[in-house]
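Data first, discussion second: the structure below is written as structure tokens.
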Amino acid sequence: MAKEDKREVKVQVNHLTKYFGSLHVLDDVSFDIKKGEFMCVVGPTGCGKTTFLNMLTKIYEPTSGELRIDGELADPKKHNLACVFQEPSSFPWLTVEENLKFGLKIKKIPEKEIRERVEKIIQILGLEQFRHSYPSQLSVSSEQRIIIGRAFAMQPDLLLMDEPYGQMDIKLRFYLEDEVLRLWREFGTTVVFITHNIEEAVYLSERCLILTNKPASIKEIVQNDLPYPRDITSDDFIKMRKHITEQIKWW
Ligand SMILES: Nc1ncnc2c1ncn2[C@@H]1O[C@H](COP(=O)(O)OP(=O)(O)OP(=O)(O)O)[C@@H](O)[C@H]1O
Ligand SMILES: [Mg+2]
């Protein structure tokens, strides 16, 4: 049933194990992420999802095992990693447009290229009339959209999203999920998206990684070949949602 994925491997997770003192969090986790893939990660509270991201960005070192990006050990000094967390973190003293440009200027991307990338983002986000506004003048959800736009504008090797829509209501989520898919399509970014929301995982991801309780290992990696845009009321969608829910019923 599953199509063969011919894309090259972007991220390799090899026998990753993490202890905090005597607390065993991740247990021998191995999988690959393909270049340009949209992968969701679901798993019980406290199983080590955020810890996994924190090892990619080297906030924590693995106890054993390794993380590789393009074949090299993951290193934020070498690799371009962008992160989006649940709490929006824009720069309040910069306008929307300046926020979007900020990281690109630090990376010394040529001015013309910065303008082009930022214009594309502003259009996809429909923020033309807010480009000179400050984050405090926007709603929390709009601020988060800017953070997400800023992350895609960096054209990162890997975009890590940790429950970015955690606090949004359901209607807004549908809208934001479509937006993130548009950005992903447009930029071809490799995305790891952590969520507790199974419907969201089925709506967004090409593959969904299910983690067990800690010490967490891989319960299953679900291949999702449903065509985009996905219909959450279709039989296939519901079947997949039910299957993932079955896998995690013991949460
Ligand atoms: N710096 C740390 N020192 C000690 N224990 C930690 C540290 N960071 C995380 N932990 C513990 O490791 C486990 C995994 O935490 P983590 O935040 O990665 O879980 P999570 O899967 O992201 O959970 P949630 O779904 O609630 O976001 C938890 O038991 C947590 O208390
Ligand atoms: Mg977490």
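Both ligands and their constituent atoms are indexed starting at 1 by order of listing.
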#### Entry: Evaluation steps, salt bridge (charged side-chain N to carboxylate O under 4.0 Å, His left out), between E206 and R7
CA-CA 13 Å; E206 297 180 283; R7 292 175 292 188; 3.3 Å; yes

When you check ligand 1 against the protein, what N or O pairs turn up below 3.5 Å? List the atom names and distances, or just say none.
{"residue": "ligand 1", "atom": "1 (N)", "partner": "Y60", "partner atom": "OH", "Å": "2.8"}
{"residue": "ligand 1", "atom": "18 (O)", "partner": "T50", "partner atom": "N", "Å": "3.4"}
{"residue": "ligand 1", "atom": "18 (O)", "partner": "T51", "partner atom": "N", "Å": "2.8"}
{"residue": "ligand 1", "atom": "18 (O)", "partner": "T51", "partner atom": "OG1", "Å": "2.5"}
{"residue": "ligand 1", "atom": "19 (O)", "partner": "G48", "partner atom": "N", "Å": "3.4"}
{"residue": "ligand 1", "atom": "21 (O)", "partner": "C47", "partner atom": "N", "Å": "3.2"}
{"residue": "ligand 1", "atom": "21 (O)", "partner": "G48", "partner atom": "N", "Å": "2.9"}
{"residue": "ligand 1", "atom": "21 (O)", "partner": "K49", "partner atom": "N", "Å": "2.8"}
{"residue": "ligand 1", "atom": "21 (O)", "partner": "K49", "partner atom": "NZ", "Å": "2.9"}
{"residue": "ligand 1", "atom": "22 (O)", "partner": "T50", "partner atom": "N", "Å": "2.9"}
{"residue": "ligand 1", "atom": "22 (O)", "partner": "T50", "partner atom": "OG1", "Å": "2.8"}
{"residue": "ligand 1", "atom": "23 (O)", "partner": "G46", "partner atom": "N", "Å": "2.8"}
{"residue": "ligand 1", "atom": "25 (O)", "partner": "K49", "partner atom": "NZ", "Å": "2.7"}
{"residue": "ligand 1", "atom": "25 (O)", "partner": "H196", "partner atom": "NE2", "Å": "3.1"}
{"residue": "ligand 1", "atom": "29 (O)", "partner": "K214", "partner atom": "NZ", "Å": "3.1"}

### Query
Leaving waters out, which protein N, O or S atoms fall under 2.8 Å from the Mg ion (ligand 2)?
T50 OG1

### Task
Given salt bridge (charged side-chain N to carboxylate O under 4.0 Å, His left out), test R182 with E186 step by step and report yes or no.
CA-CA 6 Å; R182 279 202 298 280; E186 192 63 42; over 6 Å; no

### CG-NE2 distance between L67 and H15, expressed to the nearest 0.5 angstrom
12.5 Å

### Message
Is there a side-chain contact (heavy atoms from CB on, under 4.5 Å) between V96 and L138? Walk through the geometry before answering.
### Response
CA-CA 9 Å; V96 166; L138 306 171; 3.7 Å; yes

### Query
Salt bridge check: are E116 and K120 linked by an N-O gap of less than 4.0 Å?
no

### Query
Between F38, W184, Y203, which is the residue that forms a ring pair (Phe, Tyr, Trp, His ring centres under 6.0 Å) with Y228?
W184

### Task
Please collect all ring-ring contact (aromatic ring centres under 6.0 Å, His included) contacts where either partner lies in residues 96-137, sequence neighbours excluded, each pair once.
F91-F102

### Task
Output yes when a side-chain donor or acceptor of N14 lies under 3.5 Å from a complementary backbone atom of E66, and no otherwise.
no

### Within residues 49-61 or reaching into it, pairs that qualify as side-chain hydrogen bond (donor to acceptor under 3.5 Å, both in side chains) - sequence neighbours excluded
T50-D162

